[in-house]
K.L.:
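Once you've had a glance at the structure underneath, I'll fire off some questions.
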Amino acid sequence: MRFSQSFIPTVREVPADATIASHILMIRAALIRQLVAGVYSYLPMGYKSLRKVEQIVREEMDKAGGIELHMPVLVPVDLFRKTNRVEAFGNILFKFKDQHNAELSLGPTHEEIITSLVADHINSYKQLPINLYQIQTKFRDEERPKSGVLRTREFVMKDAYSFHTSLEDLDKTYQKMYQAYHRIFKRCGVPVVAVEAESGPIGGSASHEFMVLTDIGEDQVVSCDHCDYAANVERATRKVADGTAGRLESEVVLKEVHTPHKSTIEDVSEFLKCKPPQVIKTLVYRTSDEQVVVALVRGDHEVNEAKLRRMGGVSSLELADDGTITKLTGAAVGFAGPIGIKPDKMFIDFDVPAITDGVTGANKTDHHFVGVVPGRDFTIEPEMLGDIRNVVEGDPCPHCGAKLKFQRAIEVGHVFKLGTKYSSALHAQYLDAGGKNQDMIMGCYGIGVNRILAAAIETHHDENGIIWPISIAPYQVTVIGLGRTPEDEVSKTAERLAAELESAGIDVLFDDRDQRPGVKFKDADLLGVPIRVTVGQKTLAEGKVELKLRRDGEMQLIDVDGAVETIKTLVGKLMAELE
RNA sequence: CGGGGCGUAGCUCAGCUUGGCUAGAGCGCCUGGUUUGGGACCAGGAGGCCGAAGGUUCGAAUCCUUUCGCCCCGACCA
């Protein structure tokens with residue numbers, strides 16, 4: 001490809017809207033342009049890379065037994081009603097009506113579509129298992145698109161769905177996908193760690209996320225210093241010391257104090273001159289079946305709703321509205337405490353009983369209790385105790401007890417064991433060998449294709465621009481001619497070299513622009529093409545051209561004769577490094 | 001959804017506080033010339049409904065109201 005014939009509007013200045021490296025560079029290197037918030041055009045450079053990522057994903061999915069198909073973007077809203085997901089999606093679902101007044105949506109994901117398709121056409125255990133995937137654009141009306149291509153309202157996803165007759169069989173495919181994902185990211189040159197993940201209200205027994213560790217990531221990964229434990233903070237657990245029971249014989253005296261307008265942990269602890277860890281945070285939740293659930297955690301900790309849900313054995317849970325709280329406590333919001341209230345259920349974090357001189361709301365507006373001793377002043381049954389909070393830095397690892405540390409990360413892939421949530425709702429059943437109808441057991445496996453691009457740039461760049469892994473670089477080689485005129489020896493040689501490389505099957509960007517050398521070099525660095533070949537007068541006089549790797553800047557002279565072979569070998573070597 | 005910031009040339013921004021000539025700079029673009037190994041130089045030129053609507057005023061990029069859009073922090077996130 002000739003630079004002058006393509007559409008590569010590089011920009012010299014840092015765009016005002018971008019703050020993170022990948023976003024800045026994707027704009028500067030002419031990969032993308034924003035249309036509206038969270039919606040981007042892919043320019044030739046960006047699209048070429050995107051397609052290379054897609055191709056790697058496709059090859060590895062095929063190798064792992066995936067079968068590619070393509071489902072519609074337009075999806076009837078009713079299909080999501082059948083699995084109660086219209087509400088679950090909430091505002092992120094793009095909804096509209098067609099001319100016949102039928103409700104349609106732009107597909108945010110395709111569990112329902114694939115499941116109903118499979119339900120219609122697969123009826124026997126003999127046709128299972130099957131693993132179907134597509135690479136397609138998804139639409140989610142995110143409340144806050146951000147970070148360039150990392151969080152958008154329209155994005156490309158590889159989504160795969162597998163169907164099985166047994167959990168063991170699902171396990172096998174899950175493992176295959178897990179391995180395939182590692183190969184995909186390796187080939188893309190993106191360093192990932194697989195972590196235990198929260199499967200969320202989507203349901204399902206196990207789930208792993210593939211994370212790229214970087215400070216600009218939106219997710220928090222918790223990992224252990226000493227063993228290989230790693231999990232999303234939503235999922236991470238901690239080792240709990242035995243014997244956390246309170247000291248019932250405590251001398252501390254329970255006392256009610258006046259705390260006007262002090263309803264937050266910070267206000268209360270400042271007003272009462274105590275530390276947040278002394279405060280017992282009392283949160284009131286309501287389940288979908290109108291049960292009132294109270295959760296107690298230490299003042300400096302956060303309740304983890306997924307853990308609470310699991311402990312309470314409920315599928316949905318949300319913070320109670322003010323009315324419910326007032327009804328329970330008889331006080332304004334902000335003065336709830338465990339003493340004297342009668343919720344349907346109460347759950348207490350393991351760290352609470354260890355508090356010896358606690359502070360809680362008094363269930364009376366503008367009043368708190370001090371000198372609270374858990375177990376003495378309110379009852380703690382063993383079945384109320386559990387791990388219901390988010391882990392914090394320094395908590396003991398659940399496997400080995402060493403300290404947990406936190407890192408930020410970008411989620412680029414996610415594998416789930418779904419179970420039968422969708423198959424039972426949409427009647428995806430098969431006849432087993434005994435002639436009985438059974439719900440199919442499902443798994444699903446997603447990869448954020450655009451995110452791979454952003455994550456690759458985020459982890460591979462310097463102050464001059466992108467440093468592409470060769471497997472997903474828009475071009476493998478760039479040839480720069482430094483001739484004075486298009487007709488001189490230097491230009492002709494550059495042109496011939498570019499043409500020969502292209503014939504040899506190499507992706508070449510030939511910078512044939514009538515620009516000064518500096519401009520071409522700067523753009524070459526910015527674009528991040530892994531191999532740069534420069535044809536200049538001085539070296540050509542000795543029959544040499546210059547070869548430089550973007551990643552290390554080392555320059556070497558090679559003979560023009562045989563240059564194609566030399567470069568081809570180098571391309572092969574760089575590609576092989578990513579296998 | 002809460003908090004903050006910003007909309008002026010293709011890009012980055014000044015001008016707005018304290019209303020007043022024809023609305024500016026750098027980069028980019030066009031013409032001509034000189035240059036040619038890390039974003040050249042000289043000369044000339046094109047390019048703006050100052051996000052939109054309404055209002056105040058003799059007069060609005062500037063003041064007021066409304067509205068649309070974009071970015072950041074937080075909340076949320078199958």
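Here the structure is a predicted model, which is why all the values come from computation and not from measurement. In what follows, chains carry the letters A, B, and so on, assigned in the order in which the sequence lines appear, proteins first and then strands, with residues in each chain numbered from 1.
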K.L.:
Below 4.5 Å, heavy atoms only, C-beta onward: do A:Phe185 and A:Ile452 meet side chain to side chain?
P.N.:
yes

K.L.:
Restricting both atoms to N or O, compile the protein contacts to nucleotides 4-6 of chain B shorter than 3.5 Å, with distance only.
P.N.:
none

K.L.:
Salt bridge or not for A:Arg389 and A:Glu302, using N-O below 4.0 Å?
P.N.:
no

K.L.:
Charged N to carboxylate O under 4.0 angstrom, A:Glu142 versus A:Arg151?
P.N.:
yes

K.L.:
Just call it for A:Arg33: base, sugar-phosphate, or nothing, with non-hydrogen atoms closer than 4.0 Å on any strand.
P.N.:
nothing

K.L.:
Return yes if the base of B:G38 and the side-chain atoms of A:Lys548 contain a donor-acceptor N/O pair under 3.5 Å, otherwise no.
P.N.:
yes

K.L.:
What is the distance, to the nearest angstrom, from the CG atom on A:Asp488 to the P atom on B:G37?
P.N.:
13 Å

K.L.:
Measuring from the side chain of A:Leu482 (C-beta onward, heavy atoms only), which nucleotide among B:G37, B:A78, B:G38 has the closest atom?
P.N.:
B:G37

K.L.:
To the nearest angstrom, how far is A:Leu319 atom CG from B:C1 atom C1'?
P.N.:
15 Å

K.L.:
Going by an N to O cut-off under 4.0 Å, is there a salt bridge joining A:Glu546 and A:Lys538?
P.N.:
no

K.L.:
Taking atom P in both B:A61 and B:G55, what distance in whole Å separates the two?
P.N.:
15 Å

K.L.:
Tell me if the side-chain of A:Arg532 makes a donor-acceptor pair with the base of B:G38, cut-off 3.5 Å, by modelled atom types.
P.N.:
yes

K.L.:
Is the shortest distance from a Lys or Arg side-chain nitrogen in A:Arg484 or A:Asp514 to a carboxylate oxygen in the other one below 4.0 Å?
P.N.:
no

K.L.:
Just compare B:A78, B:G38, B:C1 and give me whichever is closest to any side-chain atom of A:Glu143.
P.N.:
B:C1

K.L.:
With a cut-off of less than 4.0 Å, is there a side-chain N or O of A:Arg144 near OP1 or OP2 of B:C73?
P.N.:
yes

K.L.:
Report the residue (A:Asp219 or A:Lys520) whose heavy-atom-nearest nucleotide on RNA chain B is the more 5′ of the two.
P.N.:
A:Lys520

K.L.:
Spell out yes or no: do the side chain of A:Gln537 and the base of B:G37 have one donor N/O and one acceptor N/O closer than 3.5 Å?
P.N.:
no

K.L.:
Is the shortest side-chain N to carboxylate O distance from A:Asp78 to A:Arg81 below 4.0 Å?
P.N.:
yes

K.L.:
Of A:Arg151 and A:Arg28, whose nearest nucleotide on RNA chain B comes first from the 5' end?
P.N.:
A:Arg28

K.L.:
Do A:Leu132 and A:Val118 touch side chain to side chain, with heavy atoms closer than 4.5 Å?
P.N.:
yes

K.L.:
Quote, to the nearest angstrom, the C1' distance that separates B:U22 from B:C50.
P.N.:
15 Å

K.L.:
Report yes if at least one side-chain N or O of A:Gln515 is closer than 4.0 Å to OP1 or OP2 of B:A40; otherwise report no.
P.N.:
no

K.L.:
A:Phe89 side chain: which of B:A40, B:G37, B:A78 is closest?
P.N.:
B:A78

K.L.:
Between residues 9-24 of chain A and RNA chain B, which residues have a heavy-atom gap below 4.0 Å?
P.N.:
A:Arg12, A:Glu13, A:Val14, A:Pro15, A:Ala16, A:Asp17, A:Thr19

K.L.:
Among the nucleotides B:G39, B:G38, B:G74, which one has an atom lying closest to any side-chain atom of A:Val519?
P.N.:
B:G39

K.L.:
I need the minimum non-hydrogen distance between A:Phe3 and A:Asp512, along with the two atoms involved.
P.N.:
N-OD1, 3.4 Å

K.L.:
Report yes or no: is the cationic atom of A:Lys417 (NZ for Lys, CZ for Arg) closer than 6.0 Å to the six-membered ring centre of A:Tyr174, at no more than 45° off its axis?
P.N.:
yes

K.L.:
Check salt bridge (Lys or Arg N to Asp or Glu O under 4.0 Å) between A:Arg298 and all other residues, then give those that pass, not counting sequence neighbours.
P.N.:
A:Asp300

K.L.:
Roughly how many Å is it from CG in A:Leu527 to C1' in B:G39, rounded to a whole number?
P.N.:
13 Å

